[in-house]
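One structure is given below, encoded as structure tokens.
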Amino acid sequence: MFKKPIFIPIFVSLTFITGCGGYPRIVTYPFDPGGRSLNSFASELNPQTSGRYIIFTSDRRGSQDVYMFDTVTRYLVDLPGLNSLDTIVSHPSVSDSSRYIVFVASRQGRSAIFLYDRETRQSRNLTANLQAEVRNPTISADGSRIAFETTVNGQWDILVYDRASGQPLNIPQDPR
């Protein structure tokens with residue numbers, strides 16, 4: 001018995017291969033040996049995206065600092081007052097509006113979670129009164145909540161803080 005071959009148009013096949021609407025896409029940005037773009041000779045760590053921005057840490061100036069890259073203009077965004085030579089920063093996260101950035105800052109062997117407001121150009125230590133280790137902060141899309149890991153109970157647990165008050169939120173332990 002003779003079977004007819006199945007004909008699938010090429011554009012349909014390509015849709016299956018590339019996904020809906022052409023995603024995922026590979027986007028490349030130029031290498032800049034001067035360290036003024038996204039990629040450089042230095043270590044680029046902990047990248048996260050939010051809207052048109054990519055936030056990451058890099059040691060391109062001799063200390064580990066937070067950088068923000070604008071994918072539309074293809075330039076680094078100035079973050080005045082955020083980085084300092086005596087502080088090592090890691091794990092930045094940015095709100096969808098890109099106004100708020102949270103990160104871990106380590107100074108003299110002590111780590112803390114900081115919130116940076118791009119509008120006021122001010123940083124605030126959210127965990128100054130917390131006698132525990134902290135790591136891996138993230139900020140909600142709307143910038144209202146900050147979650148991070150802490151050893152306040154002798155093990156790694158998650159705390160959620162309100163951005164405006166800088167205080168922990170009372171989240172029930174029983175999810176029912």
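Counting begins at 1 with the first residue of the sequence.
Val66 and Tyr100 are assigned to two separate hydrophobic clusters, defined by single-linkage of ILVMFWY side chains at heavy-atom distances under 4.5 Å. If you chain together hydrophobic residues whose side chains sit under 4.5 Å apart, Ile55 and Ile146 never meet in one group. Residue Phe114 is not grouped with residue Ile158 when hydrophobic side chains (ILVMFWY) are merged at heavy-atom distances under 4.5 angstrom, including chains of intermediate members.
Contact detail for Ser63 and Ser84: the closest heavy-atom pair is OG-O, 4.3 Å. Taking each heavy atom of Ser90 and Thr57 in turn, the nearest pair found is CA-CG2, 3.7 Å. The minimum heavy-atom distance between Leu130 and Val134, with the atom names listed, is CD2-CG1, 3.9 Å. Among all heavy-atom pairs drawn from Phe56 and Phe69, the shortest one is CE2-CB, 4.2 Å. Residue Ile139 comes nearest to Ser95 through the heavy atom pair CG2-N, 3.4 Å, listed as atom of the first residue, atom of the second, then distance.
At distances below 3.5 Å, at least one donor-acceptor pair connects side-chain atoms of Thr151 with backbone N or O atoms of Glu133. A donor-acceptor contact shorter than 3.5 Å links the side chain of Asp70 to the backbone of Val72. With Asp117 contributing its side chain and Gln122 its backbone, the two residues share no donor-acceptor pair below 3.5 Å. Side-chain atoms of Arg118 come within 3.5 Å of backbone N or O of Ser98 as a donor-acceptor pair.
Side-chain contacts under 4.5 Å among hydrophobic residues (ILVMFWY), followed directly or transitively, place Leu45 with no other residue at all.
For Arg124, the side-chain contact (heavy atoms from CB on, under 4.5 Å) partners two or more places apart in sequence, or in a different chain, are Leu115, Leu126, Arg163. With sequence neighbours excluded, no residue forms a ring-ring contact (aromatic ring centres under 6.0 Å, His included) with Tyr116. For Thr150, the side-chain hydrogen bond (donor to acceptor under 3.5 Å, both in side chains) criterion is met by no residue, not counting sequence neighbours. Under the side-chain hydrogen bond (donor to acceptor under 3.5 Å, both in side chains) criterion, Arg135 pairs with Glu149, sequence neighbours left out.
To the nearest 0.5 angstrom, Asn136 atom CG is 8.5 Å from Asn46 atom CG. Atom OG1 of residue Thr127 and atom OH of residue Tyr161 lie 6.5 Å apart, to the nearest 0.5 angstrom. With values rounded to the nearest 0.5 angstrom, Phe148 atom CZ is found 14.5 Å from His91 atom NE2. Here OG1 of Thr71 is found 8.5 Å from OH of Tyr53. Values are rounded to the nearest 0.5 Å. Here the CG atom belonging to Asp59 is positioned 6.5 Å from the CD atom belonging to Gln64, to the nearest 0.5 angstrom. Atom-to-atom distance recorded for Thr138:OG1 and Arg145:CZ is 13.0 Å, nearest 0.5 angstrom.
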Mind running side chain to side chain donor-acceptor pair (under 3.5 Å) on Gln48 and Ser93 for me, showing each step along the way?
CA-CA 7 Å; Gln48 288 194 7; Ser93 178; 3.3 Å; yes

Could you walk me through whether Ser97 and Arg99 pass side chain to side chain donor-acceptor pair (under 3.5 Å), step by step?
CA-CA 5 Å; Ser97 69; Arg99 177 176 175 180; over 6 Å; no

Side-chain donor-acceptor pairs under 3.5 Å in residues 101-109, sequence neighbours left out?
residue: Ser106; atom: OG; partner: Ser111; partner atom: OG; Å: 2.8
residue: Arg107; atom: NE; partner: Thr87; partner atom: OG1; Å: 3.0
residue: Arg107; atom: NH2; partner: Thr87; partner atom: OG1; Å: 2.7

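Side-chain atoms of Leu76 and Arg60, non-hydrogen and from C-beta on, do get closer than 4.5 Å to each other.
Atom CZ of Arg110 sits in a crowded spot, with more than 12 heavy atoms from other residues, nucleotides or ligands closer than 6.0 Å. Residue Ile88 places its CD1 atom among 12 or fewer non-hydrogen atoms of other residues, nucleotides or ligands, all under 6.0 Å distant.
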